[in-house]
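These notes concern the structure reproduced below.
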Amino acid sequence: MKKVFVFLLILSLCSLLTACGEQEDPDSPASLYLAVQYGMQYAPVYVMQELGLLEEALPGVELQWSNLGGGSAMNEALISGSLDVAFMGIPPVLIAIDKGADYRISCGICVPPAQLMVRADSGITQLSDISEQQRIAVPSITSIQHIMLAMACQKQLGDAHALDENLVAMTNPDAYIALSSGSQVAGHFASMPYIAYEQADGFVSILDAEDCLGSGASIVCVTTPEVAENEQLHNALLDCLQEAISLINARDEQVLQIIAEREHITLEEVETYLDWEGSLYASEVYSLTELGEFMAEYGYLSKDFAGFSSVTWETAVEGQPSDAQDAE
Amino acid sequence: MIDNKRSKRLKSLLYTVLGIGLVIGLWQLMALLLDQPVIFPPAASILSSLWQGLTDGSLLLRTGYSLRLILIGMGLSVLLAVLLSLLSMLIRPFAKLSHILISALDPLPGIALLPVAILWFDLGEKPLLFVMVHSILWPMLLNILNGFASVPVIYDEVGRSIGLKGFHLIRSVYVPASIPSILAGFRTGWSRAWRALLSSEMVYGVIGNRGGLGWDIYSKKVYLDMPGMFATLIVIMLIGIFIEKALFDNIERVTVKKWGMRI
C-alpha cells in the first residue's frame, strides 16, 4: 500500500511538473499579453493604452495588460510564455538572448535621462572619491543604470567592476529615502522624476548617461517570434507606439493630462520632465551596440555580441547619437 | 549487535543514495521532456554549477557569510527568549505582556519590517539581524511558554515539596519537562531565520555584493543563471538536512529520547 502511494505521489509530481511547462498558445490572435513598468519612460505605452489605440487597430484581439517591477521579472514572464510583448531596458534583453531566449527587440520607445546623484556634502565629485563604506543605489543588478555605472568605472577608473562592492539594489523611491536620510547610500543612479526631486533637495549630479555611453540608452519594446511573425499584429503595435510617441512629442494636451494623472504630478511638472536634458521619445533604438559590446567584453554576457541585427527584429532602427542630440 | 547496527546504517545510506539518484534521474527526465534549459535546467548543468561554486570557493564564502549572520541572529534571539520567558515565569503580569507581544508581533512577516529596519539601522548587517531576531524570537518564546504551561501540576508540586522555588524550580523542573517544546521552538526559529535572511537579501540586496546565499540567488536570477540558482538552493537544503541531523536529532537523542519523553 505504502509503495503504491509513493508511486502515485511521484506520478502526480511528474504530471504536475509537465503541466507547469505547458504554455498557452501565444500565437493566438484572440489575445495579446503585454507588460509595462512604472515611470515616465513608459509614457508611450500607457498613452497608447489609455487612448485605446491598440484596441482600435486590432479589433477582436483581447489585450491583457500587466505591470511588472523590472527587467528580470519581464525576462521570467517572457521565457515562461506568459507574455507576448514587454517594455524594458536593453541589458536584461541582451542577457536573456545570450542565454538562448528567442524574443527580440522590435523598436525603442524612449531614451530617459539617467544621472548619478550624490549628496552635496559627501565629498564625491568623481567616481574615484567614493569610499569603501559608501553605497551607490541602482534599481537592480543588470539594470541600465548598473551597466552605465560599470562603463563609467571602466572609463574613469580602468576597471568596470571597481564599484561592484558598493552597489545596493533599491527601487527609486527607497533609494531616494535612503539618500535623503543621510545613510550609507551616498549616491543614487536615478531616473525621472527622482532626478528632479533630488536636484530640488540639493543633491548634485556627478555623472549622466552621456558620460557613460555617449548618448542615452533606449527603453525598448520586446516581442516574441509569434508576434513578430504576425505582420498585421506587429505592424499595428509599432504604428500605435509611434502614434503615442508623436503625440507626446507634439505635447498634445490630452496626452499631457494622461501622463500627469498616471504619474500623480502637475501638468507643469510633466512638461518640465519631458523637456529635461537627455530625455527623448523616439522609436529608434539607441546605444544597443555600445551596450552589447561592453557587456560581452566585461563578462556580463557569456558570448560575443553579434551586432545590432542579432538581437532585433527587422523593424528596429538603430539610432545615432547625433540624431538624438538634434532631436533634443 | 554491532553488525546489526552497521547493517542498519548501510541500509539507511543505501536508501539515501537511491533516493537522491531517483530525484536526479526524474529531474533529468523532466529536463529532457521539457527541453527548456532556462526554465528547467538539466541536472548535469546544476551539478556542474554546484561543483564549480564549491571548488572556486564562491558558494562556500556566501554560505559562511549567511551561517555567521544566522548564528548571531539565533544567539541573540535565544538570549532574549530565555530572558523574556524567565521574566514571564517569575513575574505574572509580564507573562500577559509577553503573550500580547507574541499575538501582535509573531504574525508580522520580518520582510515587512525591513524598510523600517533600514531607516533605523542604515544598510548593512544590522537591519538583517533586526529582521532575523524578530522572525526567530516570537515563535521561540511562544514554544518555551507553551512548554512551561503544559508541565503537569504534580511536577511543580514535587519540585516545591523538595524546596525548589523561583529560578531553581524553572531550571530543574520546568526546563527539562519542556524540552520537546523548546526544541520545536529552536527548529521553527532556525527555519524562520533562513527565510528572513534570504528574503531580505533577495528583496533589497541591502548588503551589496558582499552578501550571503540570498544575494547569490538574487544575482544569479537577474543573470538568468538558472543552474547556478538551483545549485545555491541545493546548498541551502543540504545545510538544512545537516543541521537537522547533526544538531537537532543529537540534542533530541541525549535529552528527550534518553529521558523516555519521546520514542
How about CD on Gln28(B), more than 12 heavy atoms from neighbouring residues, nucleotides or ligands closer than 6.0 Å, or not?
yes
When the 4.5 angstrom heavy-atom criterion is applied to His146(A) and chain B, the contacting part is side chain
Q. Heavy-atom count around Lys155(A) NZ within 6.0 Å, excluding the residue itself: above 12?
A. yes
Worksheet item: Is the count of non-hydrogen atoms from other residues, nucleotides or ligands lying under 6.0 Å from Lys245(B) atom NZ greater than 12?
Response: no
*Checking Tyr223(B) side chain against Ile141(A) main chain: does a donor-acceptor pair fall under 3.5 Å?*
no
Between the OG atom in Ser219(B) and the CG atom in Leu167(A), the distance rounded to the nearest 0.5 Å is 11.5 Å
Can you check side chain to side chain contact (heavy atoms under 4.5 Å, CB included) on Ile79(A) and Leu224(B), steps first, answer last?
CA-CA 10 Å; Ile79(A) 289 167; Leu224(B) 289 174; 3.8 Å; yes
